[in-house]
Participant: 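Before we start, here is the structure in question, set down as structure tokens.
Below, chains carry the letters A, B, ... as their sequence lines are ordered, and counting in each starts from 1. All values below were derived from every heavy atom in this structure, side-chain atoms included, with hydrogens, water molecules and symmetry-related copies excluded.
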Amino acid sequence: MRIATWNVNSLRARVDRTLAVLERWDLDVLAIQETKCRDEQFPFAAFAGAGYEVAHTGLSQWNGVAIASRVGLDDVATSFPGQPGFRKPLTGSAPPATLLDVEPPVEARAIGATCGGVRVWSLYVPHGRALDDPHYRYKLAWLERLHDAARDWAVDPGAQVALLGDWNVIPLDTDVYDVADFAGKTHVSPLERTAFGAFAEVGYTEVTREHVPAEHAYTYWDYQRLAFPRDKGLRIDFAWTTAALAERVRSVRIDREERKGKGASDHVPVILELAD
DNA sequence: ATGGCTACCTCGGGTAGA
């Protein structure tokens, strides 16, 4: 079984590239992030034509996550238990007191489905924006709540769970072209790195590192400043799996070629080959 | 020193990404 994760950075702008990735890697399952569309805008027919069922959640032009599968797609969940919401802080005059009590909306950043016996989650962790931005606190809370949910999913030692996606965390200094460029910014702060690493304490293994231990093995390159030709990238797309699933991983590959050419996403697919 | 790109909304320029 082959399963992959990819932040496609707008699905509608890259339907052809996405179908080509499915075919090139002979994928059974693809976890997609940043579809940037609402459900009614999602090109389901193109995927069906290629033999894939799709579960998608998208509420606006932002975020949006999906799972495409040709090995079944059961028990779809469009958020995880306890997933925090976010709303920009209100500006100007104070709203009526009743509005203050309204929970911020849960964003389309997590979708889960069971595919071929594996509980797959496609996750788009909030960016954080800046260390003094409310979005940063949201990011930390989001990772904590995900950790709590993931702990529950891993209680059964035979559970096969894969947490796939764009984690928006640079876990090691060698996961970035120059960590000095990130001083005082998000993605490298101790709190983020601790929140990311905490999944190891509740039964999960980050299998992409295990199989691709090389330093500077990036999964993202900025569109700006010729980042890709200069290989100034980041490693921020990962796969935490339960022990029973980690045992099945035979290889992990980073599809660096996908960053080339006109119309590339700024992220590339990460592919896991699983033993049957 | 700044922004340098791409995509979304929609046809000008704001929001977001990392």
Participant: Starting from the 5' end of DNA chain B, give me the residue, A/Arg225 or A/Ile170, whose nearest nucleotide shows up first.
Facilitator: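 Nearer the 5' end of the strand: A/Arg225.
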
Participant: If the C1' atom of B/dC11 is compared with that of B/dA1, how far apart are they to the nearest Å?
Facilitator: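 The same atom, C1', in both gives a distance of 31 Å.
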
Participant: Taking the side chain of A/Gln61 as heavy atoms from C-beta outward, which of B/dA16, B/dG17, B/dC8 is closest to it?
Facilitator: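 Closest of the options to the side chain of A/Gln61: B/dC8.
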
Participant: Under 3.5 Å, is there a donor-acceptor pair between the A/Gln33 and A/Thr5 side chains?
Facilitator: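 Side-chain D/A pair, A/Gln33 to A/Thr5: present.
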
Participant: How many Å lie between CD1 on A/Ile236 and P on B/dG17, as a whole number?
Facilitator: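 That distance rounds to 12 Å.
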
Participant: With rounding to the closest Å, how many angstrom separate the C1' atoms on B/dT2 and B/dG12?
Facilitator: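 Approximately 22 Å lies between the C1' atom of B/dT2 and that of B/dG12.
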
Participant: Is there a side-chain polar atom (N or O) of A/Asn168 under 4.0 Å from OP1 or OP2 of B/dA18?
Facilitator: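 Yes, because at least one side-chain N or O of A/Asn168 sits under 4.0 Å from OP1 or OP2 of B/dA18.
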
Participant: Can you check the A/Gln33 CD to B/dG17 C1' distance for me, whole Å?
Facilitator: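 My rounded result for the distance is 14 Å.
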
Participant: The side chain of A/Ser10 is closest to which nucleotide in this list: B/dA7, B/dC5, B/dA18?
Facilitator: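 Nucleotide nearest to A/Ser10's side chain: B/dA7.
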
Participant: Check step by step if ring pair (Phe, Tyr, Trp, His ring centres under 6.0 Å) holds for A/Trp62 and A/Phe86.
Facilitator: CA-CA 13 Å; A/Trp62 307 117; A/Phe86 182 75; over 10 Å; no

Participant: Atom CH2 of A/Trp62 to atom C1' of B/dA7: distance rounded to whole Å?
Facilitator: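 Interatomic distance, CH2 of A/Trp62 to C1' of B/dA7: 8 Å.
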
Participant: How about CD on A/Gln41, more than 12 heavy atoms from neighbouring residues, nucleotides or ligands closer than 6.0 Å, or not?
Facilitator: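 Yes, because the 6.0 Å sphere around CD of A/Gln41 holds more than 12 heavy atoms from other groups.
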
Participant: In whole Å, what is the span from the CZ atom of A/Phe238 to the P atom of B/dA18?
Facilitator: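 Spelled out: CZ on A/Phe238 to P on B/dA18 is 13 Å.
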
Participant: Would you say a side-chain N or O of A/His135 is under 4.0 Å from OP1 or OP2 of B/dA16?
Facilitator: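 For B/dA16, OP1/OP2 do not have a side-chain N/O of A/His135 under 4.0 Å.
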
Participant: Does a donor on one side chain sit under 3.5 Å from an acceptor on the other, for A/Asp222 and A/Tyr177?
Facilitator: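 No.
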
Participant: Atom CZ of A/Phe86 and atom P of B/dT15: how far apart are they, to the nearest Å?
Facilitator: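 These atoms are roughly 13 Å apart.
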
Participant: Taking the C1' atom of each, how far is B/dT15 from B/dT10, in whole Å?
Facilitator: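 After rounding to an integer number of Å, I get 13 Å for this pair.
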
Participant: Output yes when a side-chain donor or acceptor of A/Arg14 lies under 3.5 Å from a complementary backbone atom of A/Asn9, and no otherwise.
Facilitator: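 Present.
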
Participant: Which is true for A/Tyr124 with a 4.0 Å heavy-atom rule: it touches a base, it touches only sugar-phosphate, or it touches nothing?
Facilitator: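 Result for A/Tyr124 = sugar-phosphate.
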
Participant: Any donor-acceptor pair, under 3.5 Å, between the side chain of A/His127 and the base of B/dA18, if you only look at N and O atoms?
Facilitator: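 Per atom types, the contact qualifies.
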
Participant: When we call it a touch if two heavy atoms are under 4.0 Å apart, what does A/Phe182 touch: a base, just sugar-phosphate, or nothing?
Facilitator: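 The answer is nothing, as A/Phe182 stays clear of every strand by at least 4.0 Å.
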
Participant: Figure out the CH2/P separation between A/Trp221 and B/dA18, and round it to whole Å.
Facilitator: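 Checked: the CH2 to P distance equals 14 Å.
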
Participant: Report the distance from atom CG of A/Asp266 to atom P of B/dG4, rounded to the nearest whole Å.
Facilitator: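 Interatomic distance, CG of A/Asp266 to P of B/dG4: 16 Å.
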
Participant: Please tell me whether A/His56 and A/Asp39 have a donor and an acceptor in their side chains that are separated by less than 3.5 angstrom.
Facilitator: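 A donor-acceptor contact under 3.5 Å links the two side chains.
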
Participant: Which of these nucleotides, B/dT15, B/dC9, B/dG17, is closest to any side-chain atom of A/Gln224?
Facilitator: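 Minimum distance to the A/Gln224 side chain belongs to B/dG17.
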
Participant: Can you figure out which of B/dA18, B/dA7, B/dC9 approaches the side chain of A/Arg14 most closely?
Facilitator: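 Nearest nucleotide to the side chain: B/dA7.
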
Participant: Nearest of B/dG4, B/dC9, B/dA18 to any side-chain atom of A/Gln41?
Facilitator: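 Ranking B/dG4, B/dC9, B/dA18 by closest atom to the A/Gln41 side chain puts B/dC9 first.
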
Participant: Is there a side-chain contact between A/Arg12 and the phosphate of B/dC9, meaning an N or O under 4.0 Å from OP1 or OP2?
Facilitator: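 For B/dC9, OP1/OP2 do have a side-chain N/O of A/Arg12 under 4.0 Å.
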
Participant: Mapping A/Asn9 and A/Glu34 to their closest nucleotides on DNA chain B, which lands nearer the 5' end?
Facilitator: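 The residue closer to the strand's 5' end, by nearest nucleotide, is A/Asn9.
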
Participant: With a 4.0 Å cut-off on heavy atoms, is A/Asp166 in touch with a base, just the backbone sugar-phosphate, or nothing at all?
Facilitator: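 A/Asp166: backbone/sugar contact only, no base atoms under 4.0 Å.
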
Participant: Nearest whole Å is fine: how far is B/dG3 P from A/Lys232 NZ?
Facilitator: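 In whole Å, B/dG3 P and A/Lys232 NZ are 17 Å from each other.
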
